[in-house]
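In what follows, every heavy atom counts, from backbone to side chain, and hydrogens, waters and symmetry copies are set aside. Per chain, numbering begins at 1; letters A, B, ... match sequence-line order.
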Amino acid sequence: MSAVTWTLQSKDGEARSGWLDTPHGRIATPAFMPVGTRAAVKAVDSHDLSGVGAEIVLANTYHLMLRPGSSRIAALGGLHQFMAWDGPILTDSGGFQIFSLEPVIEESGARFRSVYDGSTVELTPEGAVRIQEELAPDIAMALDVCVGLPAPADLVEAELERTLRWAERCLRAHTKSDQALFGIVQGGVDPDLRAKSAAQTAALGFPGFGIGGLSVGEGREERRLALEASFAELPEGKPRYVMGLGDTDGLLEAIARGADMFDCVLPTRLARHGKVLTRGGDFSLRNAESESDDRPIDENCVCHTCRTHSRGYLRHLVRVKELSAHRLLTIHNLKYTLDLVGAARQAIESGTFSDFVRGVAA
RNA sequence: GUGGCCGUAGCUCAGCCCGGUUAGAGCACCUGGUUGUGGUCCAGGAAGUCGCGGGUUCGAAUCCCGUCGGUCACC
């Protein structure tokens, strides 16, 4: 029995709602995971995260192995105690960060330069697992090789195969019984390669699967086909996590195809740049139109920010770069995204998911 | 009162000595971008009677005269 299991609750078309059971409790899916790269979701704390209804958060192996180091976090009681978050935590393996650092990829592992001090760092599949066992999240991710798109098919296939070999090594290295290790599907935007990667990753027996290498600038149709090809080869009874996806259309499209989990920096990053998300469309509080607007960001939003502050005030905070602007907009954008996914779940359960999608698009 | 320096975009200034496309920069402002995070960054846009008046010249932010305002020094 895996430390993490997923149970289907209802289906509406290919869209599915379910429960993810972890050592730190049960959460509803589809689920959005706020990104707390360095054991902190930027600008907010764990109390704020509870307040917006987050159930699971993400942290990052790559950043935490460099600072403060996984052994230090282990000595401080593991990630949950370290960041004062009692709910489930997932750590990304660092594959995506490494990919953006122009690494040297060899069969043994990846070599790259630390963004903190420029020193050369090596991360192997076994190392990524060991570090994540020390960090002690509920879910660890296998170390994968993420290829930048567009890329030639033979390169995509070669790295997909390397990712499979690394996945096996991660599984062999993983020993922590109260932690799940998820595999990662690659294959670019080629449906055949996606299917191949998904089928072979599934065959390795992971308790859950990340869909990696997407949300990197590919077209909407390309992504849809890549997701469909991936999901077709993954077992029905295990969770599917689309990595790095978090815009409104992308989330709904992926949920419609059968995705269960997501993470994305978009809501939190946009918040720090003054942009807010609403059902009626996104807009920037930097824009002059909010100057003397006494309405909240979203009349229908029940987040702390919308219950308390006007657009005019928030625009002022953004313009003068008050630190509270980061926190207040982050709270709103996370609430928006979590509510969107939550509403999608309800729609699936009531069999009205496609109507719901049309309503959001309108 | 005398002498020096200064006045160019909302702000801080460059250009003036040696006249020559459409007067520039940074910041601010306006708009767009950001997807398994370095609180950024990138791209575009709008914006100036060159204090004012006169003169010289084919041509003046630039040279000359006057004038207004600011500032410093001396009396």
Can you tell me how far P in B/rG38 sits from the matching atom in B/rG45, rounded to whole Å?
-> 30 Å
Could you tell me whether a side-chain N or O of A/Glu218 sits under 3.5 Å from a main-chain N or O of A/Ser215, the two making a donor and an acceptor?
-> yes
Will you find, in the side chains of A/Gln186 and A/Ser197, an N or O donor that is under 3.5 Å from an N or O acceptor?
-> no
Have a look at A/Thr268 and say if it touches a base, only the backbone sugar-phosphate, or nothing, with a 4.0 Å heavy-atom cut-off.
-> base
Which nucleotide sits closest to the side chain of A/Leu270: B/rU34, B/rC30, B/rG36?
-> B/rU34
Here the distance between atom C1' of B/rG36 and atom CD1 of A/Ile98, to the nearest Å, is 12 Å
Among B/rG38, B/rU35, B/rG36, the one nearest any side-chain atom of A/Val115 is B/rG38
Quote, to the nearest angstrom, the C1' distance that separates B/rA25 from B/rC50.
-> 16 Å
B/rU57 to B/rG48 separation - C1' atoms, rounded to the nearest Å | 25 Å
In the structure shown, which nucleotide is the Watson-Crick or G-U wobble counterpart of B/rG1, with both distances under 3.5 Å?
-> B/rC74
If B/rA25 has a Watson-Crick or G-U wobble mate with both distances under 3.5 Å, name it; if not, just say none.
-> B/rU12
Nucleotide by nucleotide, 5' to 3', does protein get under 4.0 Å of the base (B), only the sugar-phosphate (S), or neither (-) in nucleotides 39-47 of chain B, counting heavy atoms?
-> BB-------
Integer angstrom distance from the C1' of B/rC63 to that of B/rG70 | 24 Å
Compare side-chain N and O positions of A/Arg220 against OP1 and OP2 of B/rU35 and report whether any pair is under 4.0 Å apart.
-> no
Nearest-angstrom distance, C1' atom, B/rC30 to B/rU71 = 36 Å
When you compare B/rC18 with B/rC65, how far apart are their P atoms, in angstrom units rounded to a whole number?
-> 14 Å
Give the intermediate values and the outcome of ring pair (Phe, Tyr, Trp, His ring centres under 6.0 Å) for residues A/Tyr62 and A/Phe96.
-> CA-CA 9 Å; A/Tyr62 164 75; A/Phe96 186 78; over 10 Å; no
Both distances under 3.5 Å, Watson-Crick or G-U wobble: report the partner of B/rG36, or none.
-> none
Does any donor atom in the side chain of A/Ser10 or A/Ser17 lie under 3.5 Å from an acceptor atom in the other side chain?
-> yes
Paired to B/rU31 by Watson-Crick or G-U wobble criteria (both distances under 3.5 Å) is B/rA43
Over 60° means perpendicular and under 30° means parallel, so classify the ring planes of A/His80 and A/His24, tilted if in between.
-> parallel
Check whether any side-chain nitrogen or oxygen of A/Asn287 sits under 4.0 Å from OP1 or OP2 of B/rC29, and answer yes or no.
-> no
Pairwise C1' distance for B/rC52 and B/rC6, with rounding to whole Å | 16 Å
Base, sugar-phosphate, or nothing: which does A/Leu90 touch, judged by heavy atoms less than 4.0 Å apart?
-> nothing
Does any nucleotide pair with B/rC17 by Watson-Crick or G-U wobble geometry, both distances under 3.5 Å, and what is it?
-> none
Sticking with atom C1', work out how far B/rA46 lies from B/rU62, rounded to a whole angstrom.
-> 28 Å
In whole angstrom, what separates A/Asp282's CG from B/rU31's C1'?
-> 16 Å
Does a donor on one side chain sit under 3.5 Å from an acceptor on the other, for A/Thr352 and A/Asp355?
-> no
Do the numbers put A/Arg16 on top of the ring of A/Trp6, so that NZ or CZ is under 6.0 Å from the six-membered ring centre and no more than 45° off the axis?
-> yes
